[in-house]
Amino acid sequence: MNNFYVSCERAFDYSLRNRPVVVLSNNDGCVVARSQEAKDLGIATGEPFFKIQRLMDSHNLAVRSSNYELYGDMSARVMELLGRYGTWHEVYSIDESFIGLEGSLEQVRSTAAQIRKAIDKTIGVPVCVGVSTTKTLAKLANHIAKHNPGLGGVCVQQLMDQQVLGNILTRVPVTDVWGVGRKSGAKLISMGIETIADLRDADPLLIRKKFSVVLQRTVFELNGQRCIGPVEERADRGQVMFTRSFSTPVRTREAMEEVMSIYAQKAASRLASEGRYATLLTVTAGTSRFAQGESSFPSAQVRLPRPTRDPILLSKLAIAAMADLMQPGMDYVRGGVILSGLSDSPGEKQLDLFDLGDEHDEEEQKNVSSVVQDISARFGAKSIGLGPAGMAQSPAWTMKREHISQRYTTEWDELLEVRA
DNA sequence: TCTGGGGTCCTAGGACCC
DNA sequence: TCTGGGGTCCTAGGACCC
């Protein structure tokens, strides 16, 4: 999907068309998506918002806080539609997926064009389709489709003029290949491997020796040999994390306890929505990477007595784990709770071996936890919570989202109103 | 003044086993 | 003076992705 977050905003807000638009990260920190007009202004991904804020006045730049409820729902609609077209379908990220197509090259091209049209018509976001024999090459074809408007948003590598393709491969830098990041990119260039064609023609054994089996696979994929397996289903994944930057620094132990309690409950409720249980709890916090002077990045792990997603237990353990790690006088700007070692079933209580020495009754705790979960499922996340998470007024450090749009597709109160 | 979040995979190295 | 071999499991850290 092209400029996906911006496209989602544009689908509902006509005033955003034909002008520079950016979508910001959490806390309105930095740029995570840009319209073509914003790219043309020279705004980079990851650029801090405060550095480009003046463009709002001088260049009619529109700004939106990220609205993941909207993007997630729009993505799900696109993915559902896409699933109808392929022999298989793997959702790779919120704005990207791989599908398997069969038939002649011309049939494949026609299907790709239909997909674009259907998504544009029924959902209203622009996409490009790249077709080839491996995932790495399909991503490359998609890249070509995006950068050559003449192709109409579809690029079937095998139908391209081979000389044109050759020119592209010897021109496009190796760092544009899927799987080549900053570090490997710099190293490759220092070895004289500067373009996609260079990497395609590199010695796979040398690449494995100097880098890893991962980059070796990329070389094979560039040569048309499939090496990258299916993307795993979300439900099989290994961890659930809730980490956030704060809008204002956290300095006191009390505030950090609020953070840990609320984040642990958030992580626990994600686990509940996936029907899973954790055996390992990790807490983290950190000072700003950009601040002068001393830094502090406390982190601790707690092995859980048995697979659990109990918000009371996790909240208590997270607070306790972080309690002695904070250094006095430091400005903490982020914190996180990570749950891992996931399993599909809760553990049995195992006699005294794993006794937490918890005073209150286990059954009662279980009941409170499930009541809290039921109520928030029915009346929304803000309706109830344990301790600080139950307060109507959010703490001062809570995320900043000053330019948020409506949740057009998931909240009755926020539907788009149309007058005709 | 103000700089995101949530993941995956691989590798090396340590602890431990017989 | 001379001190094995083959393995598993776990974790931390690095690199990458969007």
Side-chain angles (χ1 to χ4, degrees), chain A residues 1-5 22-34 43-54 63 65-68 71-72 75 90-98 135-136 139 142-143 174-188 207-218 227-249 263 266-267 270-271 274 279-280 282 284 286-292 297 299-301 303 331 333-342 399-403:
Chain A
M1 304 177 208
N2 307 347
N3 313 332
F4 182 55
Y5 298 168
V22 295
V23 173
L24 303 176
S25 64
N26 278 346
N27 265 319
D28 295 342
C30 54
V31 173
V32 293
R34 308 158 292 158
I43 300 173
T45 300
E47 188 139 20
F49 174 49
F50 69 87
K51 289 190 177 173
I52 57 155
Q53 195 163 13
R54 61 188 165 77
V63 170
S65 304
S66 35
N67 183 345
Y68 284 104
Y71 313 149
S75 171
E90 292 168 23
V91 176
Y92 176 63
S93 72
I94 194 166
D95 68 345
E96 226 174 311
S97 65
F98 295 105
K135 287 180 176 170
T136 305
K139 294 259 299 182
N142 189 281
H143 185 270
V174 69
T175 43
D176 282 6
V177 175
W178 187 41
V180 179
R182 253 203 5 241
K183 290 272 184 174
S184 314
K187 192 166 160 187
L188 284 167
I207 295 296
R208 172 151 191 170
K209 202 169 128 223
K210 297 263 184 189
F211 297 85
S212 70
V213 67
V214 183
L215 196 61
Q216 187 189 31
R217 282 183 200 138
T218 300
C227 306
I228 298 180
V231 188
E232 297 221 335
E233 288 296 316
R234 190 191 160 86
D236 295 80
R237 293 195 178 170
Q239 60 183 34
V240 164
M241 43 167 102
F242 194 91
T243 66
R244 286 283 181 283
S245 291
F246 313 134
S247 57
T248 57
Y263 287 14
K266 295 275 192 190
R270 275 190 196 170
L271 219 49
E274 293 179 17
T279 59
L280 189 66
T282 306
T284 63
T287 50
S288 171
R289 292 193 307 275
F290 302 94
Q292 306 289 321
F297 293 91
S299 145
Q301 293 199 324
R303 200 155 281 288
D331 278 354
V333 300
R334 76 187 76 248
V337 170
I338 302 160
L339 298 173
S340 54
L342 304 185
M399 199 202 317
K400 183 169 80 175
R401 291 202 293 187
E402 285 176 357
H403 309 279

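Quick note on labels: first sequence line is chain A, next is B, and so on, each numbered from 1.
Using a 4.0 Å heavy-atom criterion, one finds that A:V23 contacts no nucleic acid atom at all. As judged by a 4.0 angstrom heavy-atom cut-off over every strand, A:K139 is placed among residues touching the sugar-phosphate backbone only. Contacts of A:D95 with the nucleic acid, taken as non-hydrogen atoms under 4.0 Å apart, involve only primed sugar atoms and P, OP1 or OP2. Across all strands, A:R401 comes closer than 4.0 Å to no nucleic acid atom at all (heavy-atom distances). Note on A:F211: nothing from the nucleic acid sits closer than 4.0 angstrom, heavy atoms only. Looking at heavy-atom distances under 4.0 Å, A:E47 makes no contact with the nucleic acid at all. No engagement by A:S66 is indicated, since no non-hydrogen atom pair under 4.0 Å with the nucleic acid exists. Backbone-only engagement by A:F242 is indicated by non-hydrogen atom pairs under 4.0 Å involving sugar-phosphate atoms exclusively. Contacts of A:N26 with the nucleic acid, taken as non-hydrogen atoms under 4.0 Å apart, involve only primed sugar atoms and P, OP1 or OP2. Within the nucleic acid shown, A:V180 comes within 4.0 Å of sugar-phosphate atoms alone, with no base atom in reach, counting heavy atoms only.
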Contacts table for residues 177-188 of chain A: side-chain donor-acceptor under 3.5 angstrom, sequence neighbours left out:
unit_1: A:W178; atom_1: NE1; unit_2: A:Y92; atom_2: OH; d: 3.3
unit_1: A:K187; atom_1: NZ; unit_2: A:K210; atom_2: O; d: 2.6

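Under a 4.0 Å N-O distance rule, the pair A:E47/A:R34 does not qualify as a salt bridge.
With A:F242 as the aromatic partner, A:R244 meets the cation-pi criteria of under 6.0 angstrom to the ring centre and within 45 degrees of the ring axis.
Taking atom P in both C:dC18 and B:dT3, one finds a spacing of 25 Å when rounded to whole Å.
For the OP1/OP2 pair of B:dC9 and a distance below 4.0 Å, the side-chain nitrogens and oxygens of A:R217 include no atom meeting the criterion. Between A:R182 and C:dC16, a side-chain N or O to OP1/OP2 separation shorter than 4.0 Å is absent. Residue A:S245 places at least one side-chain N or O under 4.0 Å from the OP1 or OP2 atom of B:dG5. For the pair A:S212 and C:dA15, the criterion of a side-chain N or O lying under 4.0 Å from OP1 or OP2 is not met.
Here the NZ-CG distance, from A:K400 to A:N26, works out to 12.0 Å after rounding to the nearest 0.5 Å.
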Should A:N27 and A:S247 be marked as a side-chain contact (heavy atoms from CB on, under 4.5 Å) after you check the CA-CA gap, both sets of side-chain angles, and the distance that decides it?
CA-CA 6 Å; A:N27 265 319; A:S247 57; 3.6 Å; yes
For DNA chain B, just give me the dot-bracket, please: Watson-Crick or G-U, both distances below 3.5 Å, ( ) intra-strand, [ ] crossing earlier pairs, | paired with another strand, . unpaired.
....||||||||||||||
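Here A:Y92 does not pack flat against the base of C:dC18, since the 5.5 angstrom centre distance and 30 degree tilt limits are not both met.
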